[in-house]
Amino acid sequence: MQFVRRCKGPLGLIDRIHALQSILAKAYGRPTDAMRTDLVRDGQTVIFLHNPKTAGKSLRKFLNVRRHSHSFASDRLSERNWLATYSIVAVRHPFERFLSGYYDHVMKSQDNGLVGLFGPEVKTASPFDYLDLLKAAPKFGGPQVQWSDYPSSRKPRADLVLRFEEICQWKAHLVQAGLDVGARDVPHLNRSARCESNHLHALKVSPPEFARLQDAVRDHFAQDYTAFGYC
């Protein structure tokens with residue numbers, strides 16, 4: 001299936017404004033309200049990078065981040081500010097994250113950013129079509145290293161990488177990292193029953209097609225499998 005990216009605003013005016021805002025943000029180089037938490041570690045501002053489909057809403061709430069954004073640090077921060085802040089990001093098994101995205105973006109009835117970008121046809125996408133959409137619009141769920149990594153030889157990866165599979169231990173990991181989180185607890189917002197689903201039935205694929213989908217996801221997210229030790 002072919003998906004055509006829509007222009008936002010008359011003659012793509014909103015897209016142009018967003019592009020200009022990104023250029024200015026990168027030049028300015030400081031953490032936005034969508035990154036800054038209310039924590040400080042050893043004099044450094046603690047920032048959060050919201051990698052989609054990794055319980056990021058829960059972590060964002062826990063860290064008292066004011067605004068929602070899936071921006072990459074490499075798009076928004078100068079190297080000086082990247083080095084001057086303490087960064088946190090959550091990651092997840094790539095295939096489980098991919099399935100979570102498909103169930104959310106395609107199978108749920110609500111509209112979302114992908115629908116706004118490519119139209120209602122998104123809701124008819126097969127899992128393989130959805131993978132192509134993520135390749136075209138990675139901020140909706142592309143390789144996770146785009147959120148965790150920064151092109152800096154001095155600090156190529158975020159200071160603290162939390163694994164979704166260890167969400168019950170996140171608070172302990174944060175405290176162990178030297179963050180004073182007080183009595184607050186990590187909520188698990190938007191908990192999904194997807195793990196109980198029959199994927200073959202829900203995705204309308206045969207066992208061989210499901211295996212081929214796993215291989216395609218592994219190929220596209222190969223960096224994530226290696227970087228975060230998933231197998």
Side-chain angles (χ1 to χ4, degrees), residues 3 5 18 22 25 31-37 47-63 65-77 87-118 122-123 125 127-150 157-158 160-167 170 186-195 197 199 203 213-214 216-225 227-228 230:
F3 296 93
R5 187 168 186 150
H18 287 169
S22 295
T32 67
D33 286 345
M35 291 181 182
R36 284 193 301 270
T37 74
I47 64 171
F48 167 60
L49 305 165
H50 189 170
N51 172 21
K53 314 315 300 176
T54 61
K57 289 182 180 177
S58 299
L59 191 52
R60 188 181 83 218
K61 182 176 177 66
F62 179 82
L63 297 172
V65 177
R66 293 173 57 187
R67 222 168 28 85
H68 169 78
S69 173
H70 291 308
S71 293
F72 311 140
S74 57
D75 283 348
R76 293 289 178 175
L77 297 179
S87 47
I88 299 173
V89 65
V91 299
R92 186 177 187 175
H93 188 284
F95 190 66
E96 289 299 315
R97 176 173 172 265
F98 171 83
L99 289 178
S100 178
Y102 184 79
Y103 275 69
D104 186 24
H105 291 139
V106 178
M107 296 185 66
K108 284 186 178 179
S109 60
Q110 299 94 327
D111 283 347
N112 52 66
L114 271 179
V115 173
L117 200 58
F118 292 99
V122 165
K123 293 298 183 179
F128 294 96
D129 293 331
Y130 178 65
L131 182 58
D132 288 337
L133 282 171
L134 294 183
K135 293 175 183 178
K139 286 190 178 179
F140 289 91
Q144 299 175 80
V145 290
Q146 294 175 113
W147 284 271
S148 66
D149 291 8
Y150 190 95
R157 182 153 294 159
L160 180 61
V161 178
L162 300 170
R163 294 166 69 97
F164 174 89
E165 296 78 13
E166 300 172 348
I167 191 170
W170 277 5
V186 180
H188 194 170
L189 305 176
N190 298 335
R191 189 188 299 268
S192 172
R194 181 190 54 77
C195 59
S197 300
H199 296 315
L203 302 180
L213 179 64
Q214 288 178 302
V217 169
R218 178 176 288 276
D219 286 345
H220 182 60
F221 294 96
Q223 285 180 283
D224 291 344
Y225 280 94
F228 310 120
Y230 287 109

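Counting from 1, the numbers follow the sequence of the chain as shown.
Between Q144 and V161, every side-chain heavy-atom pair lies at or beyond the 4.5 Å cut-off. Taking the side chain as every heavy atom from C-beta outward, L49 and F72 never approach each other to under 4.5 Å. Counting heavy atoms from C-beta outward, D129 and Y102 have side chains that stay 4.5 Å or more apart. Residues L77 and I47 have side chains in contact (heavy-atom distance under 4.5 Å, counting atoms from C-beta outward). Under the 4.5 Å side-chain criterion, counting only non-hydrogen atoms from C-beta, V91 is in contact with R163. Side-chain contact between L133 and V106 is absent, with no heavy atoms from C-beta onward closer than 4.5 Å. Looking at heavy atoms from C-beta onward, T37 lies out of side-chain contact with I88 at the 4.5 angstrom threshold. Residues K53 and F164 fail the side-chain proximity criterion, which asks for heavy atoms closer than 4.5 Å.
Atom CG of D111 is separated from atom NZ of K123 by 6.5 Å, given to the nearest 0.5 angstrom. Rounding to the nearest 0.5 angstrom, the gap separating the CG atom in L160 from the OG atom in S148 is 12.0 Å. Going from atom CG of N112 over to atom CZ of F118 covers 11.5 Å, rounded to the nearest 0.5 Å. Atoms NE2 and OG, on H50 and S69 in that order, are 9.5 Å from each other to the nearest 0.5 Å. M107 contributes atom CE, which lies 10.5 Å from atom CG of L99 (distance to the nearest 0.5 angstrom).
In this structure, R60 is not positioned above the aromatic face of F48 in the sense of NZ or CZ being under 6.0 Å from the six-membered ring centre and within 45° of the axis.
Closest non-hydrogen pair, V217 versus P94, comes out as CG1-O, 4.2 Å. Here the closest heavy-atom approach between residue S71 and residue R76 is recorded as OG-NE, 3.4 Å. Closest approach of A90 and N51 over heavy atoms only: O-ND2, 2.9 Å. Closest of all the heavy-atom pairs between W147 and G142 is CZ3-O, 3.6 Å. Of all heavy-atom pairs between W170 and A55, the closest is CH2-CB, 3.9 Å. Contact record, R157 with D149: NE-OD1, 2.7 Å, taken as the closest heavy-atom pair.
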Should L213 and H199 be marked as a side-chain contact (heavy atoms from CB on, under 4.5 Å) after you check the CA-CA gap, both sets of side-chain angles, and the distance that decides it? CA-CA 12 Å; L213 179 64; H199 296 315; over 6 Å; no

S87 and Y150: CA distance, side-chain angles, deciding distance, side-chain contact (heavy atoms from CB on, under 4.5 Å) verdict: CA-CA 11 Å; S87 47; Y150 190 95; over 6 Å; no

Working note: L59 + L162, criterion side-chain contact (heavy atoms from CB on, under 4.5 Å); need CA distance, chi angles, decisive distance, verdict. CA-CA 10 Å; L59 191 52; L162 300 170; 3.9 Å; yes

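Taking the six-membered ring where tryptophan is involved, the planes of F98 and F95 are essentially parallel, since the angle between them stays under 30° and well short of 60°. The aromatic rings of H105 and F140 lie perpendicular to each other, with more than 60° between the two planes, well past the 30° mark. Classified by interplanar angle (parallel below 30°, tilted 30° to 60°, perpendicular above 60°), the ring pair H68/H70 is perpendicular.
Although no hydrogens or angles enter the test, the distance criterion places no donor-acceptor pair under 3.5 Å between the side chain of K61 and the main chain of V186. Panel note: side chain D224, backbone V145; a donor-acceptor pair is recorded below 3.5 Å.
Applying the 6.0 Å contact sphere to CZ of R66 captures no more than 12 heavy atoms from other residues, nucleotides or ligands.
Across E165, R97, R92, a single residue satisfies side chain to side chain donor-acceptor pair (under 3.5 Å) together with Y230, and that is E165.
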